[in-house]
Number of protein chains: 2
Amino acid sequence: MMLSKTCDYGIRAAIFVAGRKDQQFTPIGEISEQLNISFHFLTKILQRLTQESILKSYRGSNGGVALARAAHLISLKDIVSAIDGDNPFGACLLGLNQCSDHNPCPLHEQWNLIRKKMESLFEKTTLAKLATATTAKRFRLTDLTEP
Amino acid sequence: MMLSKTCDYGIRAAIFVAGRKDQQFTPIGEISEQLNISFHFLTKILQRLTQESILKSYRGSNGGVALARAAHLISLKDIVSAIDGDNPFGACLLGLNQCSDHNPCPLHEQWNLIRKKMESLFEKTTLAKLATATTAKRFRLTDLTEP
DNA sequence: CAGATTTAAGACTCTTTTGTCTTAATATAA
DNA sequence: TTATATTAAGACAAAAGAGTCTTAAATCTG
């Protein structure tokens, strides 16, 4: 798999939150139920996003989580970096850490081209775009359950 | 990391074997020593490649492993498929298994473009090219130790 | 044949990732 | 104030990935 499950869950939850019409806090229990992700596990993941100031949270009745800033200002890269750390597609395809622009492995340049495209996709894809596409029913996130 | 460690080790070992001038069997002990990979672990990985007919092996004195066919007929994709299974960069970036060309997730098309480039790179990159580039001292595989 | 060398196979351990559960803290509402 | 709802935090458990070790089987050499 491309991204860790933790990261996937975080992204899906963020899309779900971004897709809410009202700007209220969304309880994690509701997200976990709709997306079919374990409540406690999701709680931990969203805690991380809260700590990284991608989400904000509120406890107690009517509490939950909400985006910390406008959906068009949160990119996939922001979320992935917060959870899986920077540089999600390791520097070298062969996992060699001496590999660099200076001392390139045989695949370095070609891999760099692809990596840059991925990074660009991750940077320019915002929660706003994802949520719009999703709620426009081109894809229904909430229908999904996993194997 | 992009590929599993198991897969990385398998690729490196295969490049090393392909880079040998003589067409003799190379003992796994020598490979593991040169590439600084645990002998027993590497043995298991290369066993897998042998079972998948990418390598052939021979026991006893002067035994070891060798490519099962010409280096230009073994691609990165062959090795990755043998070890990590097909489809190394999962179908859907968000890990949704209902996502398909028919029912595409919001990132489906753009991700498809990138995935196709990766697959093409993996298919067209052969051990012959990798070994040539490596032994030409543009990159010395055997110098490398990992963190 | 006896001994050395080398892969094969599988049990076992360690680490990381994934997931669960319990308790505490915070907020609302009656 | 008391009960209820909700996130925070951390201990704990299960599963998967990575790595080690032991024994068996095959092959060569003397």
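Residue numbering restarts at 1 for every chain, and letters A, B, ... go by the order of the sequence lines. If you're wondering where the values come from, they're calculated on a predicted model, not measured in any experiment.
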Please confirm whether any donor atom in the side chain of B/K44 sits under 3.5 Å from an acceptor in the base of D/dG19, or the reverse.
yes
Rounded to whole angstrom units, what separation is found between the CG atom of B/L42 and the C1' atom of D/dA18?
13 Å
Find the distance A/I31:CD1 to D/dT6:P and express it as a whole number of Å.
12 Å
Say you draw a straight line from CG of B/L42 to OH of B/Y9; how long is it, rounded to the nearest 0.5 Å?
9.5 Å
Give a yes or no on whether a salt bridge exists between A/D84 and A/R48, defined as a side-chain N under 4.0 angstrom from a carboxylate O.
no
Counting only side-chain N and O atoms of A/S4, is one of them less than 4.0 Å from OP1 or OP2 of C/dT17?
no
Rounded interatomic separation in angstrom, taking CZ from A/R48 and P from C/dT18:
11 Å
Using 4.0 Å as the upper bound for N to carboxylate O, is an ion pair formed by B/E119 and B/K124?
no
Report the distance from atom CG of B/L35 to atom P of D/dG19, rounded to the nearest whole Å.
14 Å
Taking for each residue the nucleotide of DNA chain D bearing the nearest heavy atom, is the 5' side occupied by B/H40 or by A/Q51?
A/Q51
Looking only at C/dT18, C/dA9, D/dG19, the nucleotide nearest the B/Y9 side chain is D/dG19
Starting at CD1 of A/I83 and ending at P of C/dG19, how long is that distance when rounded to a whole Å?
13 Å
Regarding A/S75 and A/D78, is there a side-chain donor-to-acceptor distance under 3.5 Å anywhere?
yes
Length of the CG-P vector between B/L46 and C/dA9, whole Å:
13 Å
Looking at side-chain heavy atoms only, is the closest gap between B/L107 and A/L130 below 4.5 Å?
yes
Correct closest heavy-atom pair for A/R69 and A/S53 would be NH1-O, 3.2 Å
Give me, pair by pair, the N or O atoms of the protein and of nucleotides 1-6 of chain C that are less than 3.5 Å apart, along with how far apart they are.
from, atom 1, to, atom 2, distance (Å)
C/dT6, O4', B/G60, O, 3.3
C/dT6, O2, B/G60, N, 3.4

When the distance from CZ of B/F41 to P of D/dT22 is rounded to whole Å, what number comes out?
18 Å
When rounded to whole Å, the CG to C1' distance for the pair B/L49 and C/dT7 reads 14 Å
Is A/S57 near enough to D/dA8 that one of its side-chain N or O atoms lies under 4.0 angstrom from OP1 or OP2?
yes
Side-chain N or O of A/Q47 versus OP1/OP2 of D/dA9: is the shortest distance under 4.0 Å?
yes
Heavy-atom nearest nucleotide on DNA chain C taken for A/C7 and for B/V65; more 5' hit belongs to B/V65
Identify which one of A/I79, A/V17, A/L76 satisfies the side-chain contact (heavy atoms from CB on, under 4.5 Å) criterion when paired with A/L127.
A/I79
